[in-house]
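For reference, the structure discussed in these notes is given below.
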Amino acid sequence: MDIKRNYKYLLSDLSSLKGIGIKTANLLKRKKINSIFDLLWKLPKSYTDRSLSSKIKDLKIDETQTITIIPLKYSFPRIRNLPNRVSCKDETGEIDCVFFNSYEGYIKKILPIGKEVTISGKIKFFRNKYQLTNPKYISEDSSLIKQKHNSYSLTEGISEKVYNKIILQIMNNLPKIDEWHSRDILKKFDYISWNNSIKELHRPENIGKFKENFYQRLAFDEIFSTFLVNSEIRKKIKKIKKTKKIFNSKKQIEIISKLDFILTNDQKKTLNEINKDLCSDKKMFRLLQGDVGSGKTIVSLISSFNTINSGFQVAVMAPTEILARQHFLLAKKIFPKEIYIELLSGKSTYKDKKNISEKLRNKKIDIIFGTHALFQKKIEFKKLGLIVIDEQHKFGVNQRKKLSDKAGKDCDVLLMTATPIPRTLTMTIYGDMDLSIIREKPNIRKPVKTYSKPESKIDDIIKFVKKEIMLGNQIFWVCPLIEESKKIDHTSAVKKFEYLKNIFPKQVYLLHGKTTVDEKEIILNKFLKNDFKILVSTTIIEVGIDFPNANVIVIENANKFGLSQLHQLRGRVGRGNKESSCILMFKSNLSDNAKKRINILKETNDGFKISEEDMKLRGFGDILGFKQSGIKSYRLADPIHNHNLFILAEKEIKRIEKENENISRFKPLIKLYDRADIINDIA
Ligand code: ADP
Ligand code: MG
């Protein structure tokens with residue numbers, strides 16, 4: 001194996017580097033740096049130029065300078081707190097090197113009497129003499145000192161010197177990997193190779209040069225590798241031939257005509273896209289993306305209905321029981337009686353479950369609703385034709401692929417997400433799926449009025465709430481989410497609950513992280529039935545449950561939430577046809593940035609637009625907790641600044657797909673840049 005050309009060097013363990021012992025390796029591992037490749041992305045933050053040397057007579061006090069000197073005499077006073085001292089000279093003057101806490105043996109070794117030594121550090125003037133205290137940059141080889149030394153935001157316990165040495169070692173050993181990009185792509189970056197780009201990236205002079213070719217190329221590599229993996233998954237799924245679903249469009253018209261509303265154009269459009277997939281002989285792997293309240297459920301239910309009419313079974317998975325039940329009830333309402341609809345709940349008894357299992361295996365049940373429990377090993381379907389997964393943005397690409405594999409070849413997959421995100425992100429995160437987007441919301445929906453209030457004005461808010469209750473309305477009260485601490489969240493929610501209960505006796509219930517599933521369901525059902533007025537909660541019900549009678553949401557400590565999250569919370573109200581309001585509460589004075597964010601929320605109700613703005617203000621990765629979802633963020637690429645690179649990557653992928661190009665040359669790219677586990681069976 002020609003190691004000089006082989007990318008595998010970069011994937012090797014840190015311990016294969018000279019100068020990294022187990023201790024250092026462990027320190028780095030704690031920072032998720034496991035391989036040499038990972039180290040490449042820890043970039044210098046600044047540098048100190050030690051390349052120019054001075055003479056002692058020209059030294060400037062309090063500045064970092066480099067001099068070449070000859071040690072003359074040691075003085076090692078054996079008195080506590082008195083430092084060791086080495087008098088040194090050059091042809092123009094004298095300087096003392098002063099050491100606190102250094103052994104004599106070490107000092108003698110680095111500063112041998114009579115030998116020329118190059119030394120660099122901040123110069124002081126003390127008792128009429130130049131002085132350098134605890135010098136770190138000392139060597140008889142002046143070239144090691146006379147250079148630019150990078151500073152990194154370092155892992156504690158690793159010195160800058162050691163770190164620079166390690167990076168230098170890696171730069172010297174970088175394999176020259178065969179180019180993977182086409183000439184057309186390379187041309188955009190002035191033909192700079194990956195190898196040279198990495199070297200440029202680590203040159204101290206290049207700190208912050210995001211627009212240069214080397215940086216752009218490396219950012220493109222990152223984006224492109226993600227897109228390529230997505231494309232491969234999509235291709236693979238598309239290759240699966242399935243039995244076409246054949247159904248009667250008259251039946252669809254009939255069921256639609258019975259709805260108490262008219263489908264929006266986007267609902268019709270997305271329904272057509274899904275129907276087309278169902279009827280094709282290629283397996284569907286489609287994402288239905290639409291803002292909260294855009295009406296995705298009905299689209300998925302009509303698709304399910306069509307699937308059932310073509311003789312298949314359907315499974316609908318929701319993230320929570322309540323939501324599963326709500327979908328189940330809706331299906332019962334709109335589907336004709338001959339369709340057998342079932343709900344698998346966590347509360348179902350063992351006997352019930354066994355019974356349901358049996359009926360699924362015999363194809364007695366046409367459609368089943370439930371949580372992820374539906375996908376347990378024990379549950380088998382006789383003829384599963386469609387899986388619908390609601391609110392699934394917590395699924396990573398890996399899980400999706402597994403799901404699709406498990407579903408079997410005749411089973412189409414429809415994922416739904418209520419998190420509108422910027423296009424660049426959609427391409428990154430959902431690039432393995434076909435996409436249907438609902439932008440237009442049902443026009444019965446009145447926009448939610450959004451207000452911001454400081455906490456000190458809580459009396460005004462209470463007055464407002466009282467008025468709404470008089471009108472027969474219900475209120476969500478979302479409690480502050482403080483520093484990810486469940487315990488603190490809990491106490492503050494309880495406190496607010498007590499406070500509100502005093503003002504509104506018997507009208508307030510509390511939901512928090514410790515509420516059991518059963519309790520939660522009882523409370524939510526009571527709320528649905530309008531048995532009480534105010535539901536205090538932490539953010540645990542941040543999903544698409546429909547409470548048509550709730551038209552006010554109060555969100556405390558609103559600056560703790562991202563814009564998109566606030567928008568999602570706001571989406572819990574305004575689902576009926578009443579005027580509704582969202583009150584954002586703040587602790588004290590708002591920063592300019594926070595004010596900007598609030599204004600965006602006030603100005604628009606378009607989730608796609610809000611997410612774009614959110615990304616601009618907070619940066620990629622923070623938005624909507626994608627970090628926690630296991631979807632990695634890029635190291636260099638940035639969907640805002642590198643928008644053009646995303647578009648370029650998309651274009652190149654399309655070209656490769658169209659020309660059916662062999663992608664084996666991208667193997668190193670894919671192996672290096674993450675997600676190698678997905679691609680194992682591909683490249
Ligand atoms: P989401 O996309 O957030 O899942 P839902 O499917 O829960 O939204 O729909 C929210 C509400 O809007 C439901 O009460 C539903 O009955 C209603 N709805 C859906 N489509 C329409 C429409 N075309 N016109 C009026 N109301 C609609
Ligand atoms: Mg929904």
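Note that ligands are numbered from 1 as they come in the structure, with each ligand's atoms numbered from 1 the same way.
The atoms of ligand 1 that sit less than 4.0 Å from any heavy atom of Thr264 are 23 (N). Numbered from 1 in the order shown, with element, the atoms of ligand 1 that lie under 4.0 Å from a heavy atom of Thr297 read 4 (O), 5 (P), 6 (O), 7 (O). Counting atoms of ligand 1 from 1 in the listed order, those under 4.0 Å from a heavy atom of Leu263 are 23 (N). Those atoms of ligand 1 that come under 4.0 Å of a heavy atom in Val292, given as number and element, are 3 (O).
Counting only N and O atoms by type, the side chains of Thr516 and Glu519 include a donor and acceptor under 3.5 Å apart.
Judged by distance alone, with hydrogens and angles left aside, the side-chain atoms of Thr515 form no donor-acceptor pair with the main-chain N or O of Leu511 at under 3.5 Å.
Residue contacts with ligand 1 include Asp291, since one or more of its heavy atoms lies under 4.0 Å from the ligand.
Within 6.0 Å of NZ in Lys333 there are 12 or fewer heavy atoms belonging to other residues, nucleotides or ligands.
Residue contacts with ligand 1, taken as heavy atom pairs separated by less than 4.0 Å, do not involve Met416 at all.
By heavy-atom distance, the residue among Gly293, Ser294, Gly290 lying nearest atom 3 (O) of ligand 1 is Gly293.
Residue pairs that meet the ring-ring contact (aromatic ring centres under 6.0 Å, His included) test with at least one member in residues 248-281, sequence neighbours left out, do not exist here.
The side-chain heavy atoms of Phe547 and Asn549, taken from C-beta on, include no pair separated by under 4.5 Å.
Remark: ligand 1 and Ile262 share an N or O pair separated by less than 3.5 Å (distance only, no angle test).
Taking Glu468 as the reference, Asn473, Asn551 meet the side chain to side chain donor-acceptor pair (under 3.5 Å) condition, with sequence neighbours excluded.
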